[in-house]
Number of protein chains: 2
Amino acid sequence: MDVARSEVLEIGTSVACRSCQARHGVVCGALSAGQLIELGRHSLRRKVDAGCEIIAQGSENSFYSNIMRGVVKLCKVMPDGRQQIVGLQFAPDFVGRPFVRESTLSAEAATDAEICVFPRNLLERMILETRELQRSLHAQALIELDAAREWMLTLGRRTAEEKVASLLHLIAAHAETATATSTAFDLSLSRAEIADFLGLTIETVSRQLTRLRKSGVIRIENIRHITVPDMDALAKKISG
Amino acid sequence: MDVARSEVLEIGTSVACRSCQARHGVVCGALSAGQLIELGRHSLRRKVDAGCEIIAQGSENSFYSNIMRGVVKLCKVMPDGRQQIVGLQFAPDFVGRPFVRESTLSAEAATDAEICVFPRNLLERMILETRELQRSLHAQALIELDAAREWMLTLGRRTAEEKVASLLHLIAAHAETATATSTAFDLSLSRAEIADFLGLTIETVSRQLTRLRKSGVIRIENIRHITVPDMDALAKKISG
DNA sequence: ATGAAGACTTGATCTGGATCAAATCGCAAT
DNA sequence: ATTGCGATTTGATCCAGATCAAGTCTTCAT
């Protein structure tokens, strides 16, 4: 499971990019052409399996990644094992924490994913040198901050049913397969992961999903695939 | 109560700085000398009373502030009145959301405070022009993001007693009056505000505070002033 | 001083979600 | 097909924290 991770850790600035030049633009949409080439020379495209830990909580922030495909969950665990997912990242988000040596959270692939990896010193040097890169990372940090605060409201003040509806809404917003009203998507997360995102137990998540199914708001095509016939009906379940 | 706010809203780029030059360095410690002068010419020092709303949720982000003294709470409210505090800001933090027109949260003085106010267009222009300002705002955004995620763990996975202990620890960390082991501080927040920060009710907050008092971890000098004889004992209450 | 209105504490009871305990459902290996 | 195992659902019970209901303590106006 951790093979991919140990390979990643061996990367240095002198490692050549293997195969990603062609699709770099997808990942780094906010960067200028010059930066793409610069990153391309020193980065490495990697496939990681679902469950693979990209960054470990408490480890050194020795490299950074761009997500090219898949979903990455950011996770905090307490000494006694209690666990909270504190963010979900989708392509083309950036994963890593500039300017801090030790990671306060772990990043783990929630689905099979592809990431573009490059070393810490390169990123931090480029942030200092390149206005546009700093600006896009600043913008992403502010967007993640808004998302984290929105989630604080969900964790602190919403009921279990509202929490589950909020998560479905969040994931649906990132799905491609949407018609005018209806949306279908992969959940990307197990019941246990959903529980850790929502501050609930797996039993409560399961019960609330069947509740939403019985009320006609969602259809559970199979254990990881959901259809929302009417997004407005789902949205109504979120607030009072 | 809202007098100060309406005054603030009239500020434009041409308003002269009244009396803050002397103490600008305190607020904008991360900025270079040139920026201090630049901000000084266009900013306005204001005193705001406890309870005064600095920014309203849903309103336009028409100005930004630096906190010079006091505590500011960031708050989200739901249509049905449920409410969650999503951040506490202390001097010399920056309050405001660059690059977004409408505010998704309100900012309210939790204590009497002094802030240094300047207009949106000035700040956004300066971010684009000044490397060091962008860098320091990017750094603050990342620190706030770490804090928000730490708080997500507290909201999602900690018990009521651990939540209250976490908040006391957070506020104590910003108090000046600390000896080697013991710390005394003003709470800055009412029981209702503490409840809204922790996702609890005021009754539960009150009960947990007396619990911590009876177990000897804190002394309640009066309703808003706490002494922690031993910070390590408080820290032990936070995790398992 | 006296009274009135908030803010806080304390007690009694209720309840949403946790915990404990079986099923049941995949699904991969044989 | 059968077995085994982990993931999920479902049911029964429990409990931490919510809700309801009095008090008490502060503060401030008269």
Side-chain angles (χ1 to χ4, degrees), chain A residues 1 49-51 73 78 80-84 110-111 154-168 186-215 218-226 237 240, chain B residues 1 49-51 73 78 80-84 110-112 154-168 186-215 218-226 237-238 240:
Chain A
M1 198 67 119
D49 292 336
K73 57 179 181 168
M78 294 171 65
D80 63 5
R82 281 178 285 175
Q83 183 161 349
Q84 177 69 42
T111 63
T154 299
L155 288 172
R157 289 302 185 198
R158 289 207 234 257
T159 65
E161 185 180 42
E162 290 170 337
K163 285 179 175 183
V164 172
S166 297
L167 179 63
L168 294 177
D186 274 327
L187 217 36
S188 308
L189 300 176
S190 68
R191 299 294 185 263
E193 289 171 318
I194 293 171
D196 280 340
F197 201 3
L198 298 173
L200 299 171
T201 58
I202 55 175
E203 293 94 332
T204 299
V205 170
S206 179
R207 276 186 252 271
Q208 295 304 331
L209 281 171
T210 60
R211 224 166 100 89
L212 288 171
R213 176 172 57 74
K214 283 178 180 166
S215 76
I218 61 172
R219 258 179 296 138
I220 302 181
E221 307 295 353
N222 73 49
I223 218 156
R224 288 209 163 206
H225 201 266
I226 302 280
K237 291 286 182 184
Chain B
M1 198 68 117
D49 292 335
K73 58 178 182 169
M78 294 170 65
D80 63 6
R82 281 177 287 176
Q83 184 160 347
Q84 177 69 42
T111 64
D112 290 350
T154 299
L155 288 172
R157 289 303 184 198
R158 289 206 233 258
T159 65
E161 185 181 41
E162 291 170 336
K163 283 179 176 182
V164 171
S166 297
L167 179 63
L168 294 178
D186 274 328
L187 217 36
S188 308
L189 300 176
S190 69
R191 299 294 185 263
E193 290 171 319
I194 295 173
D196 280 340
F197 202 2
L198 298 173
L200 300 171
T201 60
I202 55 175
E203 294 93 331
T204 299
V205 170
S206 179
R207 277 186 252 271
Q208 296 303 331
L209 281 171
T210 60
R211 225 165 99 90
L212 288 171
R213 176 173 58 74
K214 284 179 181 166
S215 75
I218 62 172
R219 259 179 296 138
I220 302 181
E221 307 294 354
N222 75 46
I223 219 155
R224 286 209 165 205
H225 201 264
I226 302 279
K237 291 286 182 184
I238 292 176

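Chain letters run A, B, ... following the sequence lines, proteins first, then strands; residues in each count from 1.
Looking at the side chain of S206(A), the nearest of the listed nucleotides dT9(C), dG17(D), dT10(D) is dT10(D). Counting only heavy atoms from C-beta on, T201(A) has its side chain closest to dA18(C) among dA18(C), dT10(C), dA18(D).
Rounded to whole Å, atom P of dC20(D) lies 13 Å from atom CD1 of I202(B). Between the CD atom of E193(A) and the P atom of dG6(D) there is a distance of 17 Å, given to the nearest Å. When the P atom of dT13(D) is taken as reference, atom CZ of R207(A) falls 13 Å away, rounded to whole Å. In this entry the distance linking CD1 of I220(A) with P of dT9(D) reads 6 Å, nearest Å. If you take CG of L209(B) and C1' of dC25(D), they are 16 Å apart, rounded to a whole angstrom. Residue K214(B) contributes atom NZ, which lies 12 Å from atom P of dT9(C) at whole-angstrom precision. Rounded to a whole Å, the CD1 atom of I223(A) is 10 Å from the P atom of dA7(D). The interatomic distance linking R211(B) (CZ) with dT9(C) (P) rounds to 16 Å, in whole Å.
Within 3.5 Å, no donor on the side chain of R191(B) pairs with an acceptor on the base of dT26(D), nor the reverse. At a cut-off of 3.5 angstrom, counting only N and O atoms as typed in the model, there is no donor on one side facing an acceptor on the other between the side-chain of R224(B) and the base of dT27(D).
Counting non-hydrogen atoms under 4.0 angstrom, L200(A) reaches the backbone sugars and phosphates but no base.
Side-chain atoms of L168(A) and L209(A), non-hydrogen and from C-beta on, do get closer than 4.5 Å to each other. Put simply, the side chain of Q84(B) does not reach to within 4.5 Å of the side chain of T154(A), judged on heavy atoms. In this structure, the side chains of I202(B) and I194(B) stay at 4.5 Å or more apart for every pair of heavy atoms. Side-chain contact between S166(A) and K237(A) is absent, with no heavy-atom pair separated by less than 4.5 Å. Inter-residue side-chain proximity for R191(B) and I223(B) is flagged as met; some heavy-atom pair is nearer than 4.5 Å.
Between dA7(C) and S190(B), no contact under 4.0 Å exists linking OP1 or OP2 to a side-chain N or O. Checking the phosphate oxygens (OP1, OP2) of dT10(C), a side-chain nitrogen or oxygen of T210(B) falls inside 4.0 Å.
If R157(A) and E203(A) are placed on DNA chain D by their nearest nucleotide, the residue sitting closer to the 5' end is E203(A).
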